[in-house]
Amino acid sequence: MATLLPRAFYARPSPVVAQECLGKILVLETKDGPLSGRIVETEAYLGIPDKAAHSYGGRRTHRNEVMYGPPGHAYVYLVYGLHDHLNLVTSAPGDPCAVLVRAVEPLSGEGRMRQRRPVVTLTALTSGPGKLCRAFGIDRGYNGHDLCCSPLFLVDGPAPARVVRTPRIGVANAGAWARRRLRFLDPESRFVSRLRTG
DNA sequence: TGAATGATTTACT
DNA sequence: GTAAATCATTCAA
């Protein structure tokens, strides 16, 4: 039963939402049909006290304005000049928290994803935050989109058998925050961006 | 108005 | 394993 996740799902602390997002389905409806994928990897960003977050220290800028708004909205931004990242705004208005979607398993529309992203292996299609955005065609035009409405939203799905927590990626300059286990992933999926070096 | 930097990916050695 | 690509946003003057 694919029920659309209500706003209440997002109106909780980031780590809770990040963990419960595993197994849920990300859906993007397009004129050519839906693209969907099962979320297998996320990261939690805790807002004001989190040195690794854009909203660290209560900074409120044009870019992260969406995180200060109500939960259940998409926060999409460009990093390194060429990669888009998809975040889910969590918590409550005024509390700039978010969950970064790092990897999904393609469920439908895989053919169109491959067209957007010429790639050699299937797992390379969506196994990374920038990769999945390119595969889905998600760009900054979706920034601020309400995830309770079409065309971009999440639906319920089975939780993974086990959940593994690891330190977050790409935030080595965040001091003690870099060591917090705020990355959640399904160890049984081969689509996680980096499970282990082994 | 100008300069520095980044929640990454890809290619090449 | 190391390095380059590439530009919107941010901070300083």
Side-chain angles (χ1 to χ4, degrees), chain A residues 10 13-19 21-22 26 37 39-69 71 73-91 95-104 106 113-145 147 152 164-185 190-198:
Chain A
Y10 304 97
S14 283
V16 176
V17 178
Q19 175 160 355
C21 273
L22 296 179
L26 175 68
I39 297 174
V40 295
E41 181 180 351
T42 61
E43 278 182 12
Y45 285 85
L46 303 189
I48 293 172
D50 187 349
K51 198 175 176 186
H54 288 161
S55 47
Y56 170 64
R59 286 198 306 277
R60 183 170 187 157
T61 65
H62 181 63
R63 179 176 63 168
N64 64 27
E65 180 69 28
V66 174
M67 281 202 288
Y68 284 84
H73 287 243
Y75 171 43
V76 184
Y77 69 96
L78 189 67
V79 72
Y80 294 112
L82 35 120
H83 300 295
D84 288 298
H85 282 202
L86 171 63
N87 297 255
L88 318 174
V89 177
T90 63
S91 191
D95 191 17
C97 299
V99 169
L100 169 66
V101 180
R102 291 192 59 89
V104 304
M113 292 185 199
R114 283 183 182 276
Q115 283 188 333
R116 282 185 173 281
R117 249 183 77 69
V119 91
V120 281
T121 64
L122 172 63
T123 53
L125 195 58
T126 54
S127 60
K131 297 178 190 174
L132 78 89
C133 282
R134 209 157 112 201
F136 274 71
I138 294 173
D139 59 20
R140 295 188 306 297
Y142 290 95
N143 190 38
H145 173 76
L147 293 167
L152 180 63
V164 169
R165 300 179 324 206
T166 79
R168 289 178 292 187
I169 306 294
V171 292
N173 295 333
W177 283 95
R179 284 182 262 118
R180 293 286 296 271
R181 266 52 173 173
L182 292 173
R183 174 172 173 246
F184 300 85
L185 59 90
R190 290 179 295 104
F191 286 82
V192 296
S193 58
R194 297 185 75 132
L195 181 50
R196 251 181 152 81
T197 44

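Note that this is a predicted model, so its numbers are computed, not measured. Naming: A, B, ... by sequence-line order, numbering from 1 per chain. Heavy atoms only: backbone and side chains are in, while hydrogens, waters and symmetry mates are out.
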K.L.:
Round to the nearest Å and state the distance from A/Glu43 atom CD to B/dA7 atom C1'.
P.N.:
7 Å
K.L.:
Taking OH from A/Tyr77 and C1' from B/dT8, how many angstroms apart are they, rounded to a whole number?
P.N.:
9 Å
K.L.:
Are side-chain N/O atoms of A/Arg190 and A/Thr123 paired as donor and acceptor at under 3.5 Å?
P.N.:
no
K.L.:
Is A/Arg59 near enough to C/dT9 that one of its side-chain N or O atoms lies under 4.0 angstrom from OP1 or OP2?
P.N.:
no
K.L.:
How many whole angstroms separate atom CD of A/Glu41 from atom C1' of B/dT8?
P.N.:
13 Å
K.L.:
With distance as the sole criterion, do the side chain of A/Tyr80 and the base of C/dA5 form a donor-acceptor contact below 3.5 Å?
P.N.:
no
K.L.:
Less than 6.0 Å separating the ring centroids of A/Tyr10 and A/His73?
P.N.:
no
K.L.:
Nearest 0.5 angstrom please: A/Asp84 CG to A/Lys131 NZ, how far?
P.N.:
15.5 Å
K.L.:
Quick one: which protein N/O atoms are closer than 3.5 Å to N/O atoms of nucleotides 9-13 of chain B? Pair and distance per line, please.
P.N.:
residue: B/dT9; atom: OP1; partner: A/Pro129; partner atom: N; Å: 3.2
residue: B/dT9; atom: OP1; partner: A/Gly130; partner atom: N; Å: 3.0
residue: B/dT9; atom: O4'; partner: A/His83; partner atom: NE2; Å: 3.0
residue: B/dT10; atom: OP1; partner: A/Arg117; partner atom: NH1; Å: 2.7
residue: B/dT10; atom: OP1; partner: A/Arg117; partner atom: NH2; Å: 3.1

K.L.:
Between A/Leu88 (CG) and B/dA7 (C1'), how many Å, whole number?
P.N.:
14 Å
K.L.:
Just verifying a value: how many Å separate A/Asn143 CG and A/Asn87 CG, rounded to the nearest 0.5 Å?
P.N.:
9.0 Å
K.L.:
Between A/Leu86 (CG) and B/dT8 (C1'), how many Å, whole number?
P.N.:
15 Å
K.L.:
Can you tell me the Watson-Crick or wobble partner of B/dA7, both distances under 3.5 angstrom?
P.N.:
none
K.L.:
In whole angstrom, give the distance that lies between atom CG of A/Asn64 and atom P of C/dC11.
P.N.:
10 Å
K.L.:
Paired with B/dG2 by Watson-Crick or G-U wobble geometry, both distances under 3.5 Å: which nucleotide is it?
P.N.:
C/dC11
K.L.:
Within this structure, what is the CG-to-P distance between A/Asp84 and C/dC7, rounded to whole angstrom?
P.N.:
12 Å
K.L.:
Taking A/Arg117 for its side chain and A/Leu125 for its backbone only, find out whether a donor-acceptor pair lies under 3.5 Å.
P.N.:
yes
K.L.:
As an exercise, state the distance from CD1 of A/Ile138 to NE2 of A/His145, rounded to the nearest 0.5 Å.
P.N.:
9.5 Å
K.L.:
Expressed in angstrom and rounded to an integer, what is the separation of A/His54 atom NE2 from B/dT5 atom P?
P.N.:
15 Å
K.L.:
Verify the neighbour count for atom CZ of A/Arg114: are there more than 12 heavy atoms of other residues, nucleotides or ligands below 6.0 Å?
P.N.:
yes
